[in-house]
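By convention in this document, chain letters (A, B, ...) are assigned in the order of the sequence lines, proteins followed by strands, and residues within each chain are numbered from 1.
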There are 2 protein chains.
Amino acid sequence: MIRIFVVDDHQVVIDGISSIFAEVEEIKIIGSALNGVEALRKLETESPDVLLLDINMPEMDGIQLVRELKKQGRELKILILTMHNNPQFTKQLIAEGVQGCVLKNAGKKDLIYAISEINNGGRYYTDAVEETLKESLDKTQEAINQVQLTKREVEIVKLIALEHTTNEIAEKLSISAYTVDTHRKNIINKLGVKNLAGLVRFAFEKGLL
Amino acid sequence: MIRIFVVDDHQVVIDGISSIFAEVEEIKIIGSALNGVEALRKLETESPDVLLLDINMPEMDGIQLVRELKKQGRELKILILTMHNNPQFTKQLIAEGVQGCVLKNAGKKDLIYAISEINNGGRYYTDAVEETLKESLDKTQEAINQVQLTKREVEIVKLIALEHTTNEIAEKLSISAYTVDTHRKNIINKLGVKNLAGLVRFAFEKGLL
DNA sequence: CAGTAAATACCTAAATCTAGGTATTTCATT
DNA sequence: AATGAAATACCTAGATTTAGGTATTTACTG
């Protein structure tokens, strides 16, 4: 019997996954959470074999949660559920030591297979994920290091994505436009993107919007 | 007995929803599709009471599918399943005549309630959706009309979102930078967004990336 | 207490985007 | 053959972003 804990910010997905496994003998859902913070709290008292984790979440995203759990020295296997097949993320995830990754457009069968594989000490990456990964493996290696935006930076990313100009943001936050400029520059550097478009794209991929 | 057809590009969501309703007496899933094109084909022979439809899909998105079905004069109720609570979309959807809209972070209970409401001739919008809608209802009304980008425009939107500048795009497509400029302007006008950031956001919401 | 991360602010020059136009060619449809 | 949409191209002025810096204050952490 494999004991699973599901973390996903969409209740429908949690309910769905629960229902899928309700009819599967060897797998049992022992709990779920709608975000990273809730997951951490609940995992204090629960100890699943496999953690089924969504990447794109508000509050604390999947990667942060993985880090926190590793930091606590938890011995559990992690299977990532992701929307976008983004090599940037996948690389980061592997670096963080997760055991597998399936796209949300995978089917029930794949999901069950991935979970058993992982529970038996294996690894599982959807074909598509693996392929995209290989393609981009030779590219910028330093991009792997942790991209962590500060609270203020996240705030500014959101405002930019919502079409506010530097001046508007400055006024809204009651700070100098120069400061907003500086933040924007820092963000672009941190994310390794080229311009505003990349920044907005990131905001989406990261689930900030 | 309410007969449902599910359209969502994520197999996990389809499987999940199927499982959820497997244990609900009055609701039955009679079919599903992973994209608009497949849905249209399958709906030629199927006639569900309610269509459960994801907005963000590749190939043919939810709105396009709704239009096509209305054009065919199909008599069916449509419940939208959406990720983002975007008033722009909601307005468009209402204009297209859909019966309801639930966010993907709604739970099983809400989903079931929404479906029965709609099947009984009612309408159902998640509280959050309704609220966001009201807030933005006084804003630009003309934005409701169909936003349809041409092939070339879509191409350019993608390149912009991928962080290419006007000059780079011009070179890549072997056209003048002036032309790219014109396209960008037209796109910004069509979408009713303010700047490049809005354009990239749109690309994501529309599922272009 | 020393060190560091975060947030703040300033400066300049160059690149890029935005807004307001006008105008021609191509292609498909009526 | 005419209409209209799509794609193309050009022009100018002003706004905004980008790249390269430097520097101060605050707050937490070892």
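Within residues 165-176 of chain B, the residues that have a heavy atom under 4.0 Å from DNA chain C are, in order of number, B:Thr165, B:Thr166, B:Asn167. For the segment residues 177-184 of chain A, the set of residues with a heavy atom within less than 4.0 Å of an atom of DNA chain D comprises A:Asp181, A:Arg184, in numerical order.
Here the rule is side-chain contact (heavy atoms from CB on, under 4.5 Å) with A:Cys101, and of A:Ile80, A:Leu53, A:Leu81 only A:Ile80 fits it. Here the options are A:Asn189, A:Thr166, A:Thr179, A:Ile169, the test is side-chain contact (heavy atoms from CB on, under 4.5 Å), and the partner is A:Arg184; only A:Thr166 passes.
Around atom NZ of B:Lys194, more than 12 heavy atoms belonging to other residues, nucleotides or ligands sit under 6.0 Å away.
When the P atom of D:dA6 is taken as reference, atom CG of B:Leu149 falls 10 Å away, rounded to whole Å.
Side chains of A:Lys158 and A:Val154 form a contact here, defined as non-hydrogen atoms less than 4.5 Å apart. Put simply, the side chain of A:Phe5 does not reach to within 4.5 Å of the side chain of A:Leu76, judged on heavy atoms.
Of all non-hydrogen atoms in A:Leu199 and A:Val193, the two that sit nearest each other are N-CG2, 3.9 Å. Among all heavy-atom pairs drawn from B:Ala114 and B:Leu79, the shortest one is CB-CD2, 3.9 Å.
Once rounded to the nearest 0.5 Å, the distance linking CD1 of B:Ile20 with CG of B:Leu111 reads 6.0 Å.
Of the candidate nucleotides D:dA19, C:dG20, C:dT8, D:dA19 has the atom lying nearest to any side-chain atom of A:Ile188.
Positionally, the nearest nucleotide of DNA chain D for B:Lys151 lies more toward the 5' end than for the other of B:Lys151 and B:Asn195.
Ion pairing between a basic and an acidic side chain is recognised when a charged N comes within 4.0 Å of a carboxylate O; B:Arg3 and B:Glu46 show no such pairing. One finds a salt bridge joining B:Lys42 and B:Glu38 here, because a Lys/Arg side-chain nitrogen approaches an Asp/Glu carboxylate oxygen to under 4.0 Å.
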Check: protein-nucleotides 25-28 of chain C nitrogen or oxygen pairs below 3.5 Å:
none

